[in-house]
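Take a look at the structure below.
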Amino acid sequence: MPRQPARTKYRKVQKGSLAGNAKGGNTIAFGDYAIQCIGRGRLTASQIEAARVAITRHLKRKGKVWIRVFPHKPITKKPLETRMGKGKGPVEYYVAQCKPGVILFELAGVPLSVAREAMRLADAKIPFRCRFITRDQAA
């Protein structure tokens, strides 16, 4: 089940902007290894879940995984073959907006080679470019 906010102040939000680099969430906080986005874009709740599953399957219940992004933003979509007007469509799914520098996932408790491969598998599920970083490299 993809994640979504438990409750929000407003059901629908405006599109907004994705300009600039990440102001926060751009350093390794919990684990030893991480995947950091270089590109910018929207990461849907199901893409986050697919990447998480790819990581945990490769780790085989070893190590610890932290998900550093959360899909707060609702994306609306009007039904197919609907005429223009009549207001904004219903919420279709939720996304996390990712700017360059944001840490997406962190890992600890596994060797470097295992962590690198797990993050490579997760990167394949993410729609923009990412890179693998380690705690000593980020400092």
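When atom types are taken as modelled, the side chain of R52 and the backbone of I67 share no donor-acceptor pair closer than 3.5 angstrom. Here the side chain of K125 pairs no donor or acceptor atom with the backbone of I48 at under 3.5 angstrom. A donor-acceptor pair is defined here as one N or O able to donate and one able to accept, closer than 3.5 Å; no such pair exists between the side chain of R11 and the backbone of P90.
Cluster membership for F132 and V69, using ILVMFWY side-chain heavy atoms within less than 4.5 angstrom, is shared. Both L104 and V65 are part of a single hydrophobic cluster, where members link through side-chain heavy atoms under 4.5 Å apart.
In this view, E117 and H58, R120, L121 satisfy the side-chain contact (heavy atoms from CB on, under 4.5 Å) rule, not counting sequence neighbours. Listed by chain and residue number, P5 satisfy the side-chain contact (heavy atoms from CB on, under 4.5 Å) test with T8 (two or more places apart in sequence, or in another chain). Remark: Y94 pairs with no residue by the ring-ring contact (aromatic ring centres under 6.0 Å, His included) rule, at least two apart or across chains.
Counting only residues at least two apart or in different chains, side-chain hydrogen bond (donor to acceptor under 3.5 Å, both in side chains) contacts with residues 77-91 are absent. Pairs engaging residues 63-72 under the salt bridge (Lys or Arg N to Asp or Glu O under 4.0 Å) rule: R68-E106 [sequence neighbours left out]. A salt bridge (Lys or Arg N to Asp or Glu O under 4.0 Å) check over residues 16-26, counting only residues at least two apart or in different chains, returns nothing.
Here the CZ atom belonging to F128 is positioned 7.5 Å from the CD atom belonging to Q47, to the nearest 0.5 angstrom. Residue N26 holds its CG atom at 10.0 Å from SG of C37, rounded to the nearest 0.5 Å. The structure places CH2 of W66 at 11.0 Å from CD1 of I28, a figure rounded to the nearest 0.5 Å. Here CE of M119 is found 9.0 Å from CD1 of I126. Values are rounded to the nearest 0.5 Å. Summarising the geometry, atom CD1 belonging to I133 is positioned 3.5 Å from atom CD1 belonging to I103; distances are rounded to the nearest 0.5 Å.
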